[in-house]
K.L.:
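I'd like to ask you about the structure that follows.
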Amino acid sequence: MTGPLHAAWMRRALAIAATRDGERDVPVGAIVVGPDGIELGVGRNERELAGDPTAHAEIVAMRRAAAALGTWRLDGCTLVVTLEPCTMCAGALVLARVSTLVFGAWEPKTGAVGSLWDVVRDRRLTHRPQVYSGVLEAECAALMSGFFGPLRS
């Protein structure tokens, strides 16, 4: 069950996603919060901006959190992201030992936390984070629709 803290963190991730400055990147925002509730890293999609296929919001946020902590292990940390992670990001958060994943909108085309695959709950892996889905789902989905709507017209 999600609570007010998850919603507050998701509002922060939404604000990060919305700060795009006219870029062509898909508006996805992510934050990593430490066990003490302190924000350790933020990220937004920067694939177009950086010319980097791995610059998804989750990866950017986890890199910054790892730098802040001085270790790649994100034990006890929570990753909050506006869109269901893809296979790359789901795999990365498992390998980084993220303890909790909170996401907003479902991604039926590439989602790997229940939509197409369920990487984070695969019992063959040694680490499985706790997952909270659908947090501020309508707001997160609206951000995506607002981006893709004009492109489809």
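Remember, it's a predicted structure, so these values are computed and weren't measured experimentally.
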K.L.:
Any side-chain heavy-atom pair from Glu107 and Cys86 closer than 4.5 angstrom?
P.N.:
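Not touching, per the 4.5 Å side-chain cut-off.
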K.L.:
When you compare the side chain of Arg128 with that of Val94, does any pair of heavy atoms fall below 4.5 Å?
P.N.:
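The answer is no; the side chains never approach within 4.5 Å.
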K.L.:
Following the transitive rule for hydrophobic clusters with a side-chain heavy-atom cut-off under 4.5 Å over Ile, Leu, Val, Met, Phe, Trp and Tyr, establish whether Leu125 and Trp72 coincide in one cluster.
P.N.:
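Different clusters: Leu125 never reaches Trp72 through Ile, Leu, Val, Met, Phe, Trp or Tyr contacts under 4.5 Å.
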K.L.:
Is the closest side-chain heavy-atom distance between Leu69 and Cys77 below 4.5 Å?
P.N.:
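Heavy-atom side-chain distance check passes, below 4.5 Å.
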K.L.:
Set out, in order, the CA-CA distance, both residues' side-chain angles and the distance that settles side chain to side chain donor-acceptor pair (under 3.5 Å) for Glu84 and Ser115, then state yes or no.
P.N.:
CA-CA 8 Å; Glu84 178 185 4; Ser115 288; 2.5 Å; yes
K.L.:
Do Val120 and Val32 land in one hydrophobic cluster if side-chain heavy atoms of ILVMFWY residues count as linked below 4.5 Å?
P.N.:
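Yes, one cluster joins them.
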K.L.:
Would you say that Val102 contacts Thr78 through its side chain, given a criterion of any heavy-atom pair below 4.5 Å between the two side chains?
P.N.:
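Side-chain contact under 4.5 Å: yes.
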K.L.:
Distance from Leu74 atom CG to His127 atom NE2, nearest 0.5 Å?
P.N.:
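Between Leu74 CG and His127 NE2, I get 9.5 Å after rounding to 0.5 Å.
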K.L.:
Are any of the side-chain heavy atoms of Tyr132 and Leu101 separated by less than 4.5 Å?
P.N.:
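Side chain of Tyr132 against side chain of Leu101, heavy atoms only: no contact under 4.5 Å found.
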K.L.:
Looking only at heavy atoms, which two atoms of Ile16 and Thr19 are closest? And how far apart?
P.N.:
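Scanning both residues, the minimum pair turns out to be O-OG1, 2.7 Å.
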K.L.:
Between atom OG1 of Thr87 and atom CG of Asp118, what is the distance when rounded to the nearest 0.5 Å?
P.N.:
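Reported value, rounded in 0.5 Å steps: 12.5 Å.
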K.L.:
For the residue pair Arg97 and Leu95, what are the closest heavy atoms and their distance?
P.N.:
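Looking at all heavy atoms of both residues, the shortest contact is NH1-O, 2.7 Å.
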K.L.:
So, for Ala105 and Cys140, which heavy atoms are closest and what is the spacing to 0.1 Å?
P.N.:
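Heavy atoms of Ala105 and Cys140 come nearest at N-CB, 3.7 Å.
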K.L.:
Less than 4.5 Å apart, any side-chain heavy atom of Asn45 and any of Pro27?
P.N.:
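No. Closest side-chain heavy atoms not under 4.5 Å.
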K.L.:
Taking the six-membered ring for Trp, are Phe103 and Trp106 parallel (under 30°), tilted (30 to 60°) or perpendicular (over 60°)?
P.N.:
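Ring orientation of Phe103 relative to Trp106: perpendicular.
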K.L.:
First locate atom OG1 of Thr100, then atom CH2 of Trp9, and finally report the distance between them rounded to the nearest 0.5 Å.
P.N.:
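Output value for this atom pair is 8.0 Å.
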K.L.:
Specify the closest pair of heavy atoms between Leu143 and Ala17, including all atoms of both residues, with the distance to one decimal.
P.N.:
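In this case the closest contact between Leu143 and Ala17 is CD2-CB, 3.4 Å.
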K.L.:
Dump the intermediate steps for side-chain contact (heavy atoms from CB on, under 4.5 Å) on His6 and Val80, then the final yes or no.
P.N.:
CA-CA 8 Å; His6 290 159; Val80 181; 5.9 Å; no
K.L.:
For Arg12, which residues count as a side-chain hydrogen bond (donor to acceptor under 3.5 Å, both in side chains) partner, sequence neighbours excluded?
P.N.:
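side-chain hydrogen bond (donor to acceptor under 3.5 Å, both in side chains) list for Arg12, sorted by chain: Glu39.
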K.L.:
Any side-chain heavy atom of Val28 sitting closer than 4.5 Å to one from Val81?
P.N.:
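In short, these two side chains touch, coming nearer than 4.5 Å.
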K.L.:
Show me the pairs that pass side chain to side chain donor-acceptor pair (under 3.5 Å) and involve residues 56-68, at least two apart or across chains.
P.N.:
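Checked against side chain to side chain donor-acceptor pair (under 3.5 Å) - neighbours excluded - the pairs reaching residues 56-68 are Thr54-Arg63.
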K.L.:
I need the minimum non-hydrogen distance between Pro85 and Leu93, along with the two atoms involved.
P.N.:
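It is CG-CD2, 4.3 Å.
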K.L.:
What residues, two or more places apart in sequence or in another chain, satisfy side-chain hydrogen bond (donor to acceptor under 3.5 Å, both in side chains) together with Glu139?
P.N.:
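Not a single residue meets the side-chain hydrogen bond (donor to acceptor under 3.5 Å, both in side chains) criterion with Glu139.
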K.L.:
Are Leu49 and Val42 connected in the hydrophobic side-chain network, where two residues link if heavy atoms are under 4.5 Å apart?
P.N.:
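In one cluster with Leu49: Val42, no.
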K.L.:
What are the two closest heavy atoms between Thr82 and Met10, and how far apart are they?
P.N.:
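Result for this residue pair: CA-SD, 3.9 Å.
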K.L.:
Indicate yes or no: at least one non-hydrogen side-chain atom of Ile38 is less than 4.5 angstrom from one of Val33.
P.N.:
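Not in contact.
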K.L.:
Pair Arg47, Asp52 - check side-chain contact (heavy atoms from CB on, under 4.5 Å), show working.
P.N.:
CA-CA 5 Å; Arg47 291 185 311 167; Asp52 178 356; over 6 Å; no
K.L.:
How far apart are the C-alpha atoms of Val119 and Val113, what are their side-chain angles, what is the distance that settles it, and do they pass the side-chain contact (heavy atoms from CB on, under 4.5 Å) test?
P.N.:
CA-CA 6 Å; Val119 171; Val113 186; over 6 Å; no
